[in-house]
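Notes follow once the structure below has been shown.
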Amino acid sequence: MVYLVPLIIFMDDISGNISKQWNKHHAVYMSNANLPREMLEKEFCIRFITSSPHAAPMEMMSAMQESIRKAAESGVFTWDCKHEEEVMLELYGLFLGGDNPMQAEECSHAGLHCNYFCRTCEVGGTKEYKESDEGYKSIFVPEKLRTPAGTAEEIYAQFSSALALGATEKIKKSVASSGMKDTITGYILETVVELGKKLRKQGAGIQAKPEAEVKAILEKQLEDLLRGSALNDAINLLLGMEGFNVHQDTPTEILHTVLLGVIKYFWGQSVYLLKKAKLLDIFQMCLDSIEKAGLNAPCLNAEYICHYKGGLIEKHFKSLAQVMPFLIQDLLPRTVLDGWTCIGELVVYVWHTEIDDIEIYLV
């Protein structure tokens, strides 16, 4: 018997200390996606793979990818205790978990602060365009989906630019116009560009080398830095992982994107309006009197929330999102109420922990 085992792969930076002092380590974990949700959440169903304070995240991810590839080629043989027979397991990556910066790095993407900020599609534009009416509307419309092949092609183009005159500006424009930046080969690119600047530099008594000679030296330097490997073997290996689309298979991390992103800042603006209208005490009384029995996550200590309004965590925001429209109906403008209503609907869909009928849910 052969069983397919989809793997959930998680990588992020964590602290290696038990104390509150931050000691940055990168760690990789795996889970078996065949397990039911209530089992996936248990610690003994999460497999620790590796951790290091020194190795770069993509170096660790490349080693992990190679390990899965070898296991998939030969299969993993084990004993099925239920059917009492030897079985073979075929492993494959289902998706990569992590926060937005880590997933952007896994996609060879420059992150949320670049012009084309989405690692999944090509939405975005210059700052001026995004601030215009047309540009702002375009942010909410999906654009052409990114592909691993397209990303790899953009990285190859950046290496070609590194050998040419004006490499720094060309690569900068490439990153700005595409959002693509490969961290695993970043130091190689920088080394070649800096060497090109030195070779082309002119000064008192120093004559610049001919362009053909400079290019030959840079090509030799690039070959040495790659240590005999082809460029497609040196860049992000996740871009060539069989049966895996790194741009599609890095689902959005909802903790920082929704709870500690949209909801946190919308809560801050709502509190500002309540304080400005001197209605925060009334809001606290409304929050304290609301029925909590039907909530999915009842973390609504009214006194604590209103006193530490600037230091709330994810569990508070998840609960507030479910009740805010009922609390501020007569306290804040209609536009704010509509915003909280949309947030409440979003939270219900995003944290839908059990789906009884998938067809009804998708409708």
Show the numbers, then the answer: is there a side-chain contact (heavy atoms from CB on, under 4.5 Å) between W351 and Q322? CA-CA 11 Å; W351 275 274; Q322 298 177 61; over 6 Å; no
ILVMFWY clustering at 4.5 Å (side-chain atoms), partners of L237: none
Considering all heavy atoms of both residues, which atom of L259 and which atom of F317 are nearest to each other, and what is their separation? O-CD1, 3.7 Å
Could you note down all residue pairs passing salt bridge (Lys or Arg N to Asp or Glu O under 4.0 Å) where residues 6-16 supplies at least one of them, sequence neighbours left out? none
Under 3.5 Å side-chain donor-acceptor pair for Y3 and D80: yes
Could you tell me which non-hydrogen atom of G196 sits nearest to which non-hydrogen atom of L218, and how far apart they are? N-CD2, 3.6 Å
Determine yes or no for a side-chain-to-main-chain donor-acceptor pair under 3.5 angstrom, with N236 supplying the side chain and E106 the backbone. yes
Quick one: name the residues clustered hydrophobically with L165, using the 4.5 Å side-chain heavy-atom rule over I, L, V, M, F, W, Y, and just say none if it's on its own. none
Residues pairing under salt bridge (Lys or Arg N to Asp or Glu O under 4.0 Å) where one sits in residues 179-200, two or more places apart or in two chains, turn out to be E194-K197, R200-E211
Ignoring hydrogens and geometry, is there a side-chain-to-backbone donor-acceptor pair from N34 to L4 under 3.5 Å? yes
Within residues 223-232 or reaching into it, pairs that qualify as salt bridge (Lys or Arg N to Asp or Glu O under 4.0 Å) - sequence neighbours excluded: K220-D224
Calculate, to the nearest 0.5 Å, the distance between atoms CG and SG belonging to D330 and C286 respectively. 8.5 Å
Does any pair with a residue in residues 59-74 pass side-chain hydrogen bond (donor to acceptor under 3.5 Å, both in side chains), and if so which ones, sequence neighbours excluded? E66-R69, R69-E73
Only distances under 3.5 Å count here; give the side-chain donor-acceptor pairs of residues 335-348 to other protein atoms, sequence neighbours excluded, each with its distance to 0.1 Å.
unit_1	atom_1	unit_2	atom_2	d
D338	OD1	R334	NE	3.2
W340	NE1	S270	OG	2.8
T341	OG1	L337	O	2.9

Is the side chain of E154 donor-acceptor paired with the backbone N or O of G150 at a distance under 3.5 Å, no angle test? no
Pair I8, M30 - check side-chain contact (heavy atoms from CB on, under 4.5 Å), show working. CA-CA 6 Å; I8 299 172; M30 284 186 189; over 6 Å; no
Going by salt bridge (Lys or Arg N to Asp or Glu O under 4.0 Å), name the pairs with one or both residues in residues 125-151, residues two or more places apart or in two chains. none
Heavy-atom neighbours of K170 NZ exceed 12 at 6.0 Å: yes
Evaluate the side-chain proximity of L320 to I263: yes if any heavy-atom separation is below 4.5 Å, no if none is. no
Show your working on side-chain contact (heavy atoms from CB on, under 4.5 Å) between L238 and M61 and close with a plain yes or no. CA-CA 8 Å; L238 294 175; M61 190 58 76; 3.5 Å; yes
Would the distance check show the side chain of S178 and the main-chain N or O of M180 forming a donor-acceptor pair, the cut-off being under 3.5 Å? yes
Quick one: does S138's side chain have a donor or acceptor within less than 3.5 Å of a partner on G135's backbone? yes
Do L189 and Q158 make a side-chain contact, defined as non-hydrogen atoms from C-beta onward lying under 4.5 Å apart? yes
Could you tell me which non-hydrogen atom of M60 sits nearest to which non-hydrogen atom of S51, and how far apart they are? CE-CA, 4.0 Å
Could you state the interatomic distance from CZ (F244) to CD1 (I68), rounded to the nearest 0.5 Å? 8.5 Å
Would a distance-only check, ignoring hydrogens and angles, find a side-chain to backbone donor-acceptor pair under 3.5 Å from H109 to Y116? yes
Partner residues of E41 under the side chain to side chain donor-acceptor pair (under 3.5 Å) criterion, sequence neighbours left out: R37
Excluding L112, membership of its hydrophobic cluster (Ile, Leu, Val, Met, Phe, Trp, Tyr; side-chain heavy atoms within less than 4.5 Å) reads none
C81 backbone acceptor or donor facing H83 side chain under 3.5 Å: no
Pairs involving residues 238-253, ordered by first then second residue, that meet side-chain hydrogen bond (donor to acceptor under 3.5 Å, both in side chains) (sequence neighbours left out): R119-T250, T151-H247, E253-H256
Do L327 and Y272 belong to the same hydrophobic cluster, where Ile, Leu, Val, Met, Phe, Trp and Tyr are linked whenever their side-chain heavy atoms lie under 4.5 Å apart, directly or via other members? yes
What residues join F10 in its hydrophobic cluster, counting side-chain heavy atom gaps under 4.5 Å, either direct or through other members? I14, Y29, I46, F48
Which atom pair, heavy atoms only, marks the closest approach of Y308 to L312? O-CD2, 3.1 Å
Just wondering, do M241 and Y92 contact through their side chains at under 4.5 Å, heavy atoms? no
Between S31 and L40, is the side-chain contact (heavy atoms from CB on, under 4.5 Å) condition met? List the steps. CA-CA 7 Å; S31 300; L40 273 173; 3.6 Å; yes
Using the ring of each side chain (for Trp, its six-membered ring), is F140 parallel, tilted or perpendicular to Y136, with breaks at 30° and 60°? perpendicular
Would the distance check show the side chain of T126 and the main-chain N or O of Y129 forming a donor-acceptor pair, the cut-off being under 3.5 Å? yes
